[in-house]
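The block underneath contains the structure these notes are about, expressed in C-alpha cells.
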There are 2 protein chains.
Amino acid sequence: MAQRRADNIRETLEHLIITGEFSDGDRLDETRLSEHFSVSRTPLREALQMLAASGLLELRPRRGAYVRHPGIIELVQMFEVMAELEGMCGRLAARRLTDEDLIALKGSATACEKALQTGDADAYYRENEQFHSLLYAASGNGFLAEEARRLQRRLQPFRRMQLHVRGRMQQSMAEHQRILAALEKGDAAVVESELKGHIAVQGERFNDLMAHYDRSNKRRTQ
Amino acid sequence: MAQRRADNIRETLEHLIITGEFSDGDRLDETRLSEHFSVSRTPLREALQMLAASGLLELRPRRGAYVRHPGIIELVQMFEVMAELEGMCGRLAARRLTDEDLIALKGSATACEKALQTGDADAYYRENEQFHSLLYAASGNGFLAEEARRLQRRLQPFRRMQLHVRGRMQQSMAEHQRILAALEKGDAAVVESELKGHIAVQGERFNDLMAHYDRSNKRRTQ
DNA sequence: AAGAGAATTTTTGTATACAAGAGAGTTGGC
DNA sequence: GCCAACTCTCTTGTATACAAAAATTCTCTT
C-alpha cells in the first residue's frame with residue numbers, strides 16, 4: 001500500500017470513523033471528501049477501498065461507501081475471537097518465551113503500574129496495548145501476532161471504554177501480574193485461561209460498556 | 001467492493017497467484033497487465049490493492065507490486081492459527097448447534113464419503129471445504145466464521161495438496177465422522193481437540209507436503 | 001578502463017476528463 | 001388524482017493525461 005496521500009487519508013478517515021465522527025450508515029461522498037482533503041478522487045477512492053478491506057466501510061457498487069460500525073452482537077463476537085487469539089498467544093508464549101521477551105513484558109507492566117498510580121487512563125491504555133503487543137510477539141508466531149494486532153486495532157475504541165468502567169483498571173493490572181507470574185513459571189494452561197478471561201470479561205461486561213457507549217454517541221450526535 | 005472490472009481482475013489475478021502462475025517475488029507491471037486485461041490502469045490498480053490487502057501482494061510505494069508467497073515457516077504458523085480457529089468453531093458449535101446445522105453437516109459428510117469412494121479428489125476437496133464452512137457457521141459467531149473462511153481461502157491450495165498425500169483422504173474422512181459424533185453428543189472438548197488435530201496434522205506433516213509443493217513448483221518453473 | 005554523475009527512460013502516483021448507471025423529479029396517461 | 005414511464009441530474013466507475021520519482025544508460029573524468 002502506502003502511496004503517501006492515499007495512506008494519509010486512510011489514516012485520517014479511519015480515525016474519524018473509529019472515534020465516531022461518522023455514524024453507522026453514513027454515506028461518504030467521494031467528491032465532497034476529495035475537496036475536503038484537497039486531492040483528486042483517485043487517491044481518495046484508494047483510501048476508501050483500504051477502509052473497506054479492513055471492514056470499516058461497506059462499498060456498494062455504484063451506490064457509494066457506507067460507514068459500518070459493529071453492532072453490539074458483532075462486538076461480542078469480536079471479543080470472543082480476540083479472547084481466543086490472546087489465549088493462544090499466551091499459551092505459545094509460555095512455551096517459547098525468551099529472556100528478552102520477559103524483560104520487555106516486565107518493563108511494560110511496570111509502566112502500566114505507574115500509569116495506574118497516577119490515574120492516567122490514556123497512558124494506561126497505551127502501555128496496556130504495548131503489553132499485549134509484546135505478548136503477541138512473544139508467541140513466536142508472526143502470523144498470529146499480526147492477526148491479533150489487527151483485531152486489537154479494530155477493537156481499540158471499545159477496549160479503551162472498558163477502562164472507564166469503575167475499578168476495571170485495577171483489575172486489569174492485577175490480571176497482568178498473574179499473567180506475568182504464570183508466564184515466568186512457564187505454566188501455559190494458566191496463562192491461556194487468565195488471558196482468555198482478561199479479554200472475555202470485556203465482552204461479558206458489555207452492559208456497563210454500552211451505557212458509556214450510548215451516552216458518548218448521544219453526546220456527539222446532538 | 002466489487003466494481004465489475006476491478007473485481008473480476010482481482011479474482012483472475014488471485015487465481016493466477018494462488019495456482020502458482022506467478023512466483024514469489026515476481027513484479028507485476030501495471031501497464032503490461034492493464035493491456036493484457038484490456039482495461040486502463042485505474043481498475044487494475046484497484047485490483048492490486050485488494051490483493052495486497054489480503055496479503056497476496058506486497059505494494060512497495062513507488063516501486064511496484066510484488067507477489068508474496070508464504071514461506072514454509074509462515075505456512076506452519078498459518079496452519080497453527082487455522083487449527084485454533086477451527087477448534088474454537090467446533091467448541092462453540094457443540095454448544096450452539098441447531099438441528100438444521102446437524103442435518104446439513106451430515107449431508108455434507110455423506111457427500112464427502114461419496115467422493116472418497118469414487119476417488120474423486122477434487123470433489124472431496126470441494127465437499128470438505130463445504131463441511132468446514134458449515135461448521136464455521138454452526139459456531140453461531142458470524143465474525144469468527146468470516147475470519148475462519150478468510151484464512152481457509154488463503155490456505156486453500158495447501159490444504160488441497162494435503163489430499164494427495166497417501167491415505168490422507170481416508171484419514172480425513174474418519175476424522176469427520178468422529179467430529180460429527182462428538183458434535184451430536186454435544187461434547188465440546190472432544191470436538192475442539194479433534195478439529196485442532198484435524199488441521200494441525202496438516203501443518204505437522206509439512207515435510208511430505210513440501211515435497212509435493214517443490215516438485216510442482218519445479219515443474220512449472222521449467 | 002572503471003566509477004561517479006547527469007540525462008534519459010520507464011514506471012508509479014495523481015489529476016482531470018469522459019461514460020454510464022442510479023435516483024429524483026416531472027410529465028403524460030388512465 | 002394516482003401511477004408509471006421518461007428525462008435530467010448526480011454520483012460512481014473508467015480512461016487518459018500529466019507529474020514526479022526510480023531505474024537505467026550514457027558520458028565524462030580520473
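Every heavy atom of this structure was used, including side-chain atoms; hydrogens, water molecules and symmetry mates were not. Predicted, not measured: the structure shown is a model, and the values here were computed from it. Per chain, numbering begins at 1; letters A, B, ... match sequence-line order.
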Between dA15(C) atom C1' and Glu30(A) atom CD, what is the distance in whole Å?
14 Å
Counting N and O atoms only, with roles assigned by atom type, does the side chain of Ser34(B) sit under 3.5 Å from a partner on the main chain of Glu30(B), one being a donor and the other an acceptor?
yes
When you measure from the side chain of Thr98(B) to the backbone N and O of Asp101(B), does any donor-acceptor pair fall under 3.5 Å?
yes
Please confirm whether the backbone N or O of Ser139(B) pairs with a side-chain atom of Arg96(B), one donor and one acceptor, at under 3.5 Å?
yes
Closest non-hydrogen contact found for Ala104(A) with Leu134(A) is O-CD1, 3.6 Å
Quick one: Arg32(B) CZ to dT11(C) P, roughly how many Å, whole number?
10 Å
Does dA15(C) have its OP1 or OP2 closer than 4.0 Å to a side-chain nitrogen or oxygen of Ser40(A)?
yes
Just by distance, with hydrogens left out, do His132(A) and Glu86(A) show a side-chain donor and acceptor under 3.5 Å apart?
yes
Sorted by position of nearest nucleotide on DNA chain D, 5' first, the leading residue of Thr42(A) and Ala65(A) is Ala65(A)
Could you pick out which residue, Pro43(B) or Thr31(A), lies toward the 5' side of DNA chain D when each is mapped onto its nearest nucleotide?
Thr31(A)
Letter per nucleotide, 5' to 3', of nucleotides 17-22 of chain C [B base touched, S only sugar-phosphate touched, - untouched; heavy atoms, 4.0 Å]
B---SS
For Ser172(B) and Arg168(B), indicate whether the former's side chain and the latter's backbone hold a donor-acceptor pair under 3.5 Å.
no
Let me know the distance between CG of Leu28(B) and C1' of dT11(C), rounded to the nearest Å.
14 Å
Mind calculating the distance between CZ (Arg60(B)) and P (dA22(D)) to the nearest angstrom?
13 Å
Could you say whether Asp29(B) or Val39(A) is positioned toward the 5' end of DNA chain C, judged by the nucleotide with the nearest heavy atom to each?
Asp29(B)
Do Thr118(A) and Tyr124(A) have side-chain N/O donor and acceptor atoms under 3.5 Å apart?
no
Please report the distance, rounded to the nearest Å, between CZ in Phe37(B) and C1' in dT14(D).
16 Å
Base, sugar-phosphate, or nothing for Arg27(B), non-hydrogen atoms under 4.0 angstrom?
sugar-phosphate
Take atom CZ of Arg45(A) and atom C1' of dA15(C), then tell me their distance rounded to the nearest Å.
14 Å
To the nearest angstrom, how far is Leu33(A) atom CG from dA15(C) atom P?
14 Å
Quickly work out the Glu35(A) CD to dT11(D) P distance and round it to whole Å.
10 Å
